[in-house]
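A short worksheet on the structure shown next.
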Amino acid sequence: MTAATQDRGPQTHSFALGDPSRSFAGGVHPPEGKHLTEDRGIEPGPSAKELAVLLSQHIGAPAQPAVKKGDIVAAGQQIGECKSFVCAPVHAPTAGKVKDVSLLPHAVLGRAMGVIVEAESTTQPTLPPFQRPQGFDSDAYTSEQICEAVRDAGIVGMGGAGFPTSIKIQPDTKTPKETLIVNGCECEPYITCDYRVMLEWTEQVITGVQLVARACGAKNIFIAIEDNKPKAIERMNASLQKLGLSAAIRVVPVKTKYPQGGERQLIRAVIEKIVPTGGIPPMIGVVVTNVATAAAIADAVVHGRPLTHRVVTVTGWGVARPGNYYVSIGTTVQALIDHCGGMTADAVKVVLGGPMMGIAIADLSTPITKTGGAVMVLTTQQIGKGRFEQRQTPCIRCGRCLQACPENLNPTKIAHAVKNSLMDVAESYYISACIECGCCSYVCPANIDLSGYIKTGKIFLARRKKKMPS
Ligand code: SF4
Ligand code: SF4
């Protein structure tokens, strides 16, 4: 029996819709920390003199520069174009002048090409006045029209994955995409941007959901929300009822457990189907999209607006004024933190993303991207007293990492293989099936950064296979 196919006990269980015990095997329950920002409504983010727009903000080939130094660009103009199938264009978030096309800091790649736009004026980004058209009918659009609008708008999975959405929502005649699951779980601790989007942009999200279902042909439509967000569940249900859509789109409360929002974990919880190891949801006729992505789709299709802004949660005890901000893509982390009153004296670490899956950054000129839903500033106390002094100790073979892994992997064996540069062995333990959730590191009593080793191994393998620029 391989690591990935070990029996973890019964995987089928009959749930009634709305049963909060809907979940998956494995996972952890870290402190939620959402109280810092969950009641903070979406506010305009910082005005910026310069925006550093990366050309690589998605899975796939980077966009290629469509402008050069000195060009004048309009707000929403395409500044990065696609030359490959798996790619997404990028657009200028503001009108201005191209200061440079050069290497910029990138949280994952270190440095990557981008376009620096000098803003024509330094006004704060304004919240978009989305208006659901009176008597909106998603059938008035063809699947091709929706996919084209989504592709032209440069929309990618905004929950963190960054896969170009137009490819994901295309219909498939071979394996029809019968089920659409809209991910409103936001299981990552501390982050509340999707929660606020669900509360404040409810009809925009629903409009996007209808458009995705129309594009891919899904007939079974679910919006899955963790049961720690009762207000979002209530708001979504009320809006669906008001719009006469409660029979067509069902809100499914799922158990609050990390990583409930992982695509494979969510599919398991909502429709009790299992995506094969190494496979993707469309293989079993399922499309999963995030609520913020659905909102961006509505904006692109109904109003023709490209993806140039997003809601970002700025949180952690190390920032003076945590909250949820509507931010221009390309705003630096420094500008965003300054806008939130700066860092506290005991701040020690800045993370792009949440505490489980986020990436610590050393360069605060790193820009916000389409997938960057959070900036977290941690203090020594928040990281854990004495954490810096906590040393990694030898594995005690407790098996906690195996129990916690939601993908049924053997994290300790994969990490050991990566540490010893035995990449073939790591592959034989299904390293590529790791969703980088961090559960294994979280539970390890020996403080072994298992997911860190595994992420490094995956980057090494991707570069070896030339799927990632070195
Ligand atoms: S990071 Fe990977 S190996 Fe570790 S628990 Fe998550 S899926 Fe499993
Ligand atoms: S949790 Fe840590 S100590 Fe326990 S088996 Fe896994 S690697 Fe070893």
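Note that ligands are numbered from 1 as they come in the structure, with each ligand's atoms numbered from 1 the same way.
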Task: Residues in ring-ring contact (aromatic ring centres under 6.0 Å, His included) contact with H91, at least two apart in sequence or another chain - done: none
Task: Neighbour count above 12 (heavy atom, 6.0 Å) for E234 CD - done: no
Task: Salt-bridge criterion met for K229 and E186 (N-O under 4.0 Å) - done: no
Open item on the list: Please output the residues near ligand 1 using a strict heavy-atom distance under 4.0 Å, listed in chain and residue-number order.
Closed with: C405, P406, P411, C434, I435, E436, C437, G438, C439, C440, S451, I454
TODO: Return the orientation label for the Y326 and H309 ring planes: parallel under 30°, perpendicular over 60°, tilted otherwise.
DONE: parallel
Open item on the list: Going by side chain to side chain donor-acceptor pair (under 3.5 Å), name the residues that satisfy it together with H58, two or more places apart in sequence or in a different chain.
Closed with: none
Open item on the list: I'd like to check which ligand 2 atoms, numbered from 1 as shown, lie under 4.0 Å from a non-hydrogen atom of C395.
Closed with: 3 (S), 5 (S), 7 (S), 8 (Fe)
Acceptor/donor pairs from residues 283-290 side chains to any protein atom, 3.5 angstrom cut, sequence neighbours excluded:
residue: N290; atom: OD1; partner: A292; partner atom: N; Å: 2.7
residue: N290; atom: OD1; partner: T293; partner atom: N; Å: 3.1
residue: N290; atom: OD1; partner: T293; partner atom: OG1; Å: 3.4
residue: N290; atom: ND2; partner: D194; partner atom: OD2; Å: 2.7

